[in-house]
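Single-structure report; data block below.
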Amino acid sequence: MRCLTTCEPPMLVKQKDADLTQLNSLGLTSHARFLLKASCLDEYLAARDFAQHHRLPLFPLGGGSNVILPSRLNAMVLQCLPTPVQWLPQEGQTQRLIVPAGYSWHQLVLETCARGLFGLENLALIPGHCGAAPVQNIGAYGAELAQTLEAVQVVWLQTGQQDWIDAKDCQLSYRDSRFKRDWKGHVLITALQLRLKTQAEVNLDYADLAQRLARSQADLGTAFTQRPLPEQVAQVVMQIRREKLPDPALLGNVGSYFKNPRVSQAQAQQLKQDWPDLPVYPDGDQVKLAAGWLIDQCGFKGQRLGAFAVHDQQALVLTHLGGGQREGLLDLEQQIQAEVWRRFAVQLAREPEWVEAG
């Protein structure tokens with residue numbers, strides 16, 4: 001049975017003029033009017049009432065891995081604290097589970113893989129909390145949250161009503177959902193219901209993942225024709241990500257800074273004629289291009305502008321070297337967008353959320 005935990009009485013952890021510098025993976029210096037931490041329905045509603053009393057917007061903040069914060073945030077920031085995962089009764093080869101919003105996404109992937117469950121292995125080492133996962137429909141190496149998400153538990157902020165929303169009603173697409181559009185500011189995500197499998201075919205659409213997994217199995221003396229375990233896939237994904245992406249704990253970043261752009265098939269065909277090495281991926285009636293490749297071809301890899309730089313291993317990642325404000329990051333972003341447009345006539349769109357000061 002799906003449920004939302006309650007507690008009595010509300011015991012909110014409040015912090016005034018809260019320092020968010022360590023709560024965003026870019027490491028930007030930022031302060032909020034208030035920071036509240038909550039773990040159950042009563043506390044979520046108390047946080048909502050607290051924000052309304054002070055006439056402040058309620059801003060949910062998870063792991064801070066996909067936001068660009070202002071130096072001053074005139075808002076009541078709410079963090080959902082982690083509570084235990086609820087494992088529902090297994091039905092045949094299907095295992096359903098309810099995951100609280102404050103739970104670490106990567107920790108969830110490790111735990112499900114350790115249980116031999118398929119579905120999340122390609123999404124290993126994605127930073128952040130589970131509550132943020134459906135907002136942009138997180139994805140990596142050919143997999144997306146939409147493939148395993150059944151429902152999202154929310155609190156409607158206007159009424160205080162708790163509700164479960166079917167995944168199909170969330171309009172999940174490439175790095176997008178209704179949580180970024182018409183539901184933004186109206187709901188607080190409090191839990192996810194996922195559907196995983198005890199037996200499944202792993203997703204090896206990305207050649208690098210398939211090749212490395214084959215080598216890994218060969219090293220273990222396991223034939224590649226044998227179905228790999230989810231733990232094996234997750235370990236290879238983690239290896240690839242660690243080679244290509246900087247650790248936010250050591251170098252401020254939000255992972256992929258730009259979305260992979262979608263273009264018409266006709267435009268993609270023309271680009272391939274001019275640039276035969278351009279990686280392209282069929283995506284319905286359109287074609288998805290590799291944003292990192294476009295940026296690299298423009299000569300930005302390893303380039304620095306003030307306190308920000310393009311990572312020298314992955315041009316899709318912009319890094320904060322310390323001491324910068326987000327206006328400097330915006331300058332670098334716009335320079336990259338302008339040059340990619342000039343050279344390829346392709347518009348790059350930012351992936352992380354630019355948070356308004358309020």
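Owing to the predicted nature of the structure, the values given are computational and were not obtained by experimental measurement.
- The CD atom of Glu351 lies 11.0 Å from the OH atom of Tyr257; values are rounded to the nearest 0.5 Å.
- The closest side-chain donor-acceptor pair between Gln193 and Glu150 falls under 3.5 angstrom.
- At a threshold of 4.5 Å between non-hydrogen side-chain atoms, the residues Val233 and Tyr141 do not count as touching.
- To the nearest 0.5 Å, the span separating CD on Gln153 from CG on Leu188 amounts to 10.0 Å.
- Here the closest non-hydrogen pair linking Asp277 and Lys272 is C-NZ, 4.4 Å.
- The backbone N or O of Ile68 sits less than 3.5 Å from a side-chain atom of Arg326, completing a donor-acceptor pair.
- Within the 4.5 Å cutoff, the side chain of Leu251 has heavy atoms near those of the Leu321 side chain.
- Put simply, the side chain of Asn260 never gets that close to the backbone of Ala290: no donor and acceptor are under 3.5 Å apart.
- We find that Lys180 and Glu353 are not joined by a salt bridge, their nearest charged nitrogen and carboxylate oxygen being 4.0 Å or further apart.
- Formation of a donor-acceptor pair under 3.5 Å by the Gln211 side chain with backbone atoms of Asp208 is not found in this model.
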For residues 19-28, dump all side-chain donor-acceptor pairs below 3.5 Å to protein atoms at least two apart in sequence or in another chain.
| unit_1 | atom_1 | unit_2 | atom_2 | d |
| --- | --- | --- | --- | --- |
| Asp19 | OD1 | Thr21 | N | 2.9 |
| Asp19 | OD1 | Thr21 | OG1 | 2.6 |
| Asn24 | OD1 | Gly27 | N | 3.1 |
| Asn24 | OD1 | Leu28 | N | 3.0 |
| Asn24 | ND2 | Leu20 | O | 2.9 |
| Asn24 | ND2 | Thr21 | O | 3.3 |
| Asn24 | ND2 | Leu28 | O | 3.0 |
| Ser25 | OG | Gly64 | O | 3.3 |
| Ser25 | OG | Asn253 | O | 2.8 |

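- With hydrogens and angles disregarded, a donor-acceptor distance shorter than 3.5 Å links the side chain of Asn137 to the backbone of Ala146.
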Does the side-chain contact (heavy atoms from CB on, under 4.5 Å) test come out yes or no for Leu120 and Trp105, once each step is laid out? CA-CA 10 Å; Leu120 305 184; Trp105 176 261; 3.9 Å; yes
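- Heavy-atom neighbours of Arg181 CZ from other residues, nucleotides or ligands within 6.0 Å: above the threshold of 12.
- Hydrophobic clustering (side-chain heavy atoms under 4.5 Å, transitive across Ile, Leu, Val, Met, Phe, Trp, Tyr) groups Val280 together with Phe344.
- In this structure, Phe179 and Val152 have side chains that are in contact, with non-hydrogen atoms separated by less than 4.5 Å.
- Put simply, the side chain of Val237 does not reach to within 4.5 Å of the side chain of Glu121, judged on heavy atoms.
- At a threshold of 4.5 Å between side-chain heavy atoms, the hydrophobic network of Ile, Leu, Val, Met, Phe, Trp and Tyr places Leu316 and Leu318 in one connected group.
- No side-chain donor-acceptor contact under 3.5 Å links Ser39 to the backbone of Leu81.
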Before giving the answer on side-chain contact (heavy atoms from CB on, under 4.5 Å), spell out for Glu201 and Phe118 the whole-Å C-alpha distance, their side-chain angles and the decisive distance to 0.1 Å. CA-CA 8 Å; Glu201 294 294 331; Phe118 292 84; over 6 Å; no
Passes side-chain contact (heavy atoms from CB on, under 4.5 Å), His186 versus Leu157? Steps please. CA-CA 6 Å; His186 298 289; Leu157 296 177; 5.9 Å; no
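- Two residues are said to be in side-chain contact when any heavy atoms from C-beta on lie closer than 4.5 Å; Lys168 and Leu149 fail this criterion.
- Side-chain contact check for Glu333 versus Leu329: every heavy-atom pair is 4.5 Å or farther apart.
- The nearest pair of heavy atoms linking Gly102 to Pro82 is O-CB, 3.5 Å.
- Following chains of ILVMFWY side-chain contacts shorter than 4.5 Å, one can reach Val263 starting from Leu278, so the two form part of one hydrophobic cluster.
- Put simply, the side chain of Asn122 never gets that close to the backbone of Ala143: no donor and acceptor are under 3.5 Å apart.
- Separation of atoms OG (Ser30) and CZ (Arg72) is listed at 8.0 Å; rounding is to 0.5 Å.
- Annotation: Gln158, atom CD; neighbour count of heavy atoms from other residues, nucleotides and ligands within 6.0 Å does not exceed 12.
- Looking only at side-chain heavy atoms (C-beta outward), Val99 and Glu111 stay at 4.5 Å or farther from each other.
- Salt bridge absent: Asp176 and Lys259 never bring a charged side-chain N and a carboxylate O closer than 4.0 Å.
- Following chains of ILVMFWY side-chain contacts shorter than 4.5 Å, one cannot reach Leu305 starting from Trp341, and the two form parts of different hydrophobic clusters.
- A single hydrophobic cluster is not seen to contain both Phe258 and Val135; linkage of ILVMFWY side chains at heavy-atom distances under 4.5 Å, directly or through other members, places them apart.
- Closest non-hydrogen pair, Phe59 versus Val355, comes out as CZ-CG2, 3.7 Å.
- With values rounded to the nearest 0.5 angstrom, Ile295 atom CD1 is found 8.0 Å from Gln314 atom CD.
- Here the closest non-hydrogen pair linking Gly139 and Ile126 is O-CD1, 4.2 Å.
- For the pair His311 (side chain) and Gln313 (backbone), a donor-acceptor distance under 3.5 Å is present.
- For the pair Leu88 and Gln95, the tightest heavy-atom approach, listed with the atom from each and the gap, is O-NE2, 2.7 Å.
- Classification of the Phe34-His54 ring pair by plane angle, with boundaries at 30° and 60°, yields tilted.
- Under the 4.0 Å criterion applied to side-chain N and carboxylate O atoms, Arg241 and Asp247 are not assigned as salt-bridge partners.
- Counting only distance, with no hydrogens or angles, the side chain of Gln267 and the backbone of Ala345 share a donor-acceptor pair below 3.5 Å.
- For the pair Trp183/Cys170, a side-chain contact is recorded, criterion being any heavy-atom separation below 4.5 Å from C-beta on.
- Trp275 does not carry Arg343 over the face of its six-membered ring by the limits of under 6.0 Å from the centre and within 45° of the normal.
- In this structure, the side chain of Tyr44 does not engage the main chain of Leu78 through any donor-acceptor pair within 3.5 Å.
- For the atom pair Leu117 CG and Thr148 OG1, the distance stands at 11.5 Å (nearest 0.5 Å).
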Can you check side-chain contact (heavy atoms from CB on, under 4.5 Å) on Leu97 and Leu108, steps first, answer last? CA-CA 11 Å; Leu97 57 152; Leu108 175 68; 3.8 Å; yes
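- For the atom pair Leu123 CG and His106 NE2, the distance stands at 11.5 Å (nearest 0.5 Å).
- Trp156 and Ile165 get closest at one heavy-atom pair: CZ2-CD1, 3.8 Å.
- Enclosure of atom CD in Gln90 by more than 12 non-hydrogen atoms of other residues, nucleotides or ligands within 6.0 angstrom is indicated.
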